[in-house]
Amino acid sequence: MKATQISKENGIVKFNIEFSADEWKDAVNKAYLDNRSKFSVDGFRKGKAPRKIIENYYGHDIFWDEALNKLLENGYYDAVKEMDIEVIAQPSLESPEIKNGEPVVISGSVQVFPELEVKNYKGLEVEKFETVIGDKEVQEELERVQKSQARMEAVEDRKSENGDTVIIDFEGSVDGEAFSGGTAENFELKLGSGQFIPGFEEQLEGKDAGEDVDVTVTFPEDYHAEELAGKEALFKCKIHEIKKEILPEIDDELASDVSEFETLDEYKADLQKKLQENADARDESLMKDRALEKLYEANEIDVPEVMIRNEIDNIIYDMNQNLATQGLGLQQYMEWTGKTIDDVREEAKPEAEKRVRTRILLKNLIRQENLEADAAEVEKLMTEFGEQYGMTVDQVKEMAGAETENYFKEDAQTKKAIDFLFENAVLTEKKEEAEEK
């Protein structure tokens, strides 16, 4: 197989793919062997007729379409690789002229990734973000840690209060009829959490363990289950147990329990350091996002519709995967929200266009600035990916297949391009800070 790029204009590449006479001969013979069982010819058992007999009976070109498909199964992708082009759509192929003993040449055209000149990407003005972690933030983190170490204790000497957790059975009904999802046993509900519809939790306050309570509430008009929206419901509840949260003291003992430090002061110093590092990373990430937005503003580009459609497909696929982790599906989501697939696709379009535009600008910036990623950088990304999912680098390579290195190489180059934008940006003071100064 030999591929030749004929021309490249307005994002369309015209090409020829040439298969030798021997490759064509082998493809036709394989098409015959794979399909002969489908043909019936008088005087032969089904599937046993020689190729020449079938061709004489059904036509000399009976196996040609199948042979062409077989050649193009791998041949087209090999041709794309040989021509070093990145296609973004299915190709348009012309029917070739076929002559015995001669090569078969297939002409075609395909839309490729846009090449353009990225402008005004140096000196982008980006508002500076600089978060300073102080005593307040450290104290908030200590309280979060304190809460994570809390234990629950049964309440026996008082009635339930806001903030308590009650263990309940409940059975809901509307107009005397039970409804789906309205019944549970030994359910843990924290009063005041807002986990249930408005008015439910408040009616369980001031009650005793062992008490039966009738809770009457009205479902919101916009409730996701249309058959319940706006309806009044009665929940018969049984309170089995009341529990309160017991928080440990914020002291040296807590510090030694949750860290390698013996004293609270040491732990607080380490918390402050880590919180500042995380804040710095968030600030830098935010500023890099702002640099990308400035790049959009400085470069108005046409985005191919096929790329937007493909990215919408990706967004919807991810959405469906996320819903599946919650025990839902896209169809169920659409039924609940009253949306059609066209509505979902239209809502996803702005994000899809933003992603595609980012990709186009960054890939062309990589080309213009020759931002190559070396083997060590690619290996580092594969290692980080593997650590995230408990895999070795070899397992990552095996999982992702032959294109693994290219995938991570592109990722490394993209990071380099974003870093390049940020390093060449001009950081400006926030407006309110500038006004104060």
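Any value given below was found using the heavy atoms of this structure, including those in side chains, with hydrogens, waters and symmetry copies removed. This one's a predicted model, so the numbers in the text were calculated from it and none came from an experiment.
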From Ile168 atom CD1 to Glu185 atom CD, the distance as rounded to the nearest 0.5 Å: 11.5 Å

- prompt: Do the ring planes of Phe179 and Phe219 sit parallel (below 30°), tilted (30 to 60°) or perpendicular (above 60°)?
  reply: perpendicular

query: Is the number of heavy atoms from other residues, nucleotides or ligands under 6.0 Å of Glu9 CD greater than 12?
result: no

message: Salt bridge check, Glu311 against Lys349: does any charged N sit closer than 4.0 Å to a carboxylate O?
response: no

Glu161 and Leu191, any side-chain heavy atoms less than 4.5 Å apart: no

query: How long is the gap from CD on Glu156 to CZ on Arg158, to the nearest 0.5 Å?
result: 11.5 Å

Inter-residue atom distance Lys415.NZ - Leu371.CG, 0.5 Å rounding: 14.5 Å

Heavy atoms of other groups near Lys416 NZ, more than 12 under 6.0 Å: yes

Basic-acidic side-chain contact under 4.0 Å: Glu201, Lys190: no

field: Side-chain heavy-atom pair Leu264, Ile250 within 4.5 angstrom cut-off
entry: yes

message: Quick one, Leu124 and Asn424 - any side-chain contact, counting heavy atoms below 4.5 Å?
response: no

message: Check Lys238 with Glu171, please: is the shortest side-chain N to carboxylate O separation under 4.0 Å?
response: no

message: Tell me whether Arg345 contacts the main-chain N or O of Ile316 through its side chain, where contact means a donor paired with an acceptor under 3.5 Å.
response: no

field: Inter-residue atom distance Asp289.CG - Glu284.CD, 0.5 Å rounding
entry: 11.0 Å

- request: Calculate, to the nearest 0.5 Å, the distance between atoms CG and CD1 belonging to Asp212 and Ile239 respectively.
  value: 8.5 Å

- request: Could you tell me whether the side chain of Glu241 and the main chain of Val166 form a donor-acceptor pair under 3.5 Å?
  value: no

query: For atom CD of Glu140, is the number of surrounding heavy atoms from other residues, nucleotides or ligands below 6.0 Å larger than 12?
result: yes

field: Heavy atoms from other residues, nucleotides or ligands near CD of Glu97 exceed 12 (cutoff 6.0 Å)
entry: no

- prompt: Which pair of non-hydrogen atoms, one from Ile246 and one from Glu153, has the smallest distance, and what is that distance?
  reply: CG1-CB, 3.8 Å

query: Quick check: does any side chain N or O of Ser160 sit under 3.5 Å from a backbone N or O of Lys207, one acting as donor and the other as acceptor?
result: yes

- prompt: If you look at every heavy atom in Gly206 and Lys159, which pair is closest and at what distance?
  reply: O-CD, 3.2 Å

field: Backbone N/O of Arg282 and side chain of Ser285: donor-acceptor pair under 3.5 Å
entry: no

field: Any donor-acceptor N or O pair under 3.5 Å, side chains Asp411, Thr414
entry: no

task: Scan Lys81, Arg359, Lys363 and name whichever one has a salt bridge (charged side-chain N to carboxylate O under 4.0 Å, His left out) with Glu86.
output: Lys363

- prompt: What heavy-atom pair brings Gly192 and Asn162 nearest, and what distance separates the two atoms?
  reply: CA-ND2, 3.6 Å

- prompt: With distance as the sole test, does Asn364 use its side chain to make a donor-acceptor pair with the main-chain N or O of Pro114 at under 3.5 Å?
  reply: yes

field: Stacked cation flag Lys339 on Tyr333, 6.0 angstrom / 45 deg
entry: no

- prompt: Are the side chains of Ile167 and Phe187 in touch, meaning some heavy atoms are under 4.5 Å apart?
  reply: no

- prompt: Do other residues, nucleotides or ligands put more than 12 heavy atoms under 6.0 Å from Asp257 CG?
  reply: yes

message: For a quick test of reading the model, state the closest non-hydrogen atom pair linking Ala3 to Glu82 and the distance between them.
response: N-OE2, 3.2 Å

message: Less than 4.5 Å apart, side chain to side chain, heavy atoms only: is that true for Gln203 and Val217?
response: yes

message: Any salt bridge linking Lys30 with Asp26? Criterion: basic side-chain nitrogen under 4.0 Å from a carboxylate oxygen.
response: no

query: Between Asp419 and Lys288, what is the shortest heavy-atom contact and its length?
result: OD1-NZ, 2.6 Å

- prompt: Should Arg290 and Phe129 count as side-chain neighbours, where that means a heavy-atom distance under 4.5 Å?
  reply: yes

- prompt: Between Thr131 (side chain) and Asp280 (backbone), is there a donor-acceptor pair under 3.5 Å?
  reply: no

query: So with a 6.0 Å cut-off around CD of Gln321, is the heavy-atom count from everything else above 12?
result: yes

message: For Tyr296, is the OH atom crowded, meaning more than 12 foreign heavy atoms sit under 6.0 Å from it?
response: yes

message: For Lys70, is the NZ atom crowded, meaning more than 12 foreign heavy atoms sit under 6.0 Å from it?
response: yes

Note, Phe196 side chain near Leu189 side chain (heavy atom, < 4.5 Å): yes

message: Which heavy atom of Met1 sits nearest to which heavy atom of Glu23, and what is that distance?
response: N-OE2, 2.9 Å

- prompt: Where does the angle between the aromatic ring planes of Tyr267 and Phe261 fall among parallel (under 30°), tilted (30 to 60°) and perpendicular (over 60°)?
  reply: tilted

message: Students often mix this up, so state it plainly: with edges at 30° and 60°, are the rings of Phe420 and Tyr121 parallel, tilted or perpendicular?
response: tilted

field: Lys273 side-chain N/O to Ala269 backbone N/O, donor-acceptor pair under 3.5 Å
entry: no

statement: Rounding to 0.5 Å, atoms CG (Asp374) and NZ (Lys380) come to a distance of 11.5 Å

message: Under a 3.5 Å distance rule, please check whether Glu387 uses its side chain to pair with a backbone N or O of Glu384 as donor and acceptor.
response: no

query: Taking C-beta and beyond as the side chain, do Pro96 and Ser107 meet within less than 4.5 Å on heavy atoms?
result: no

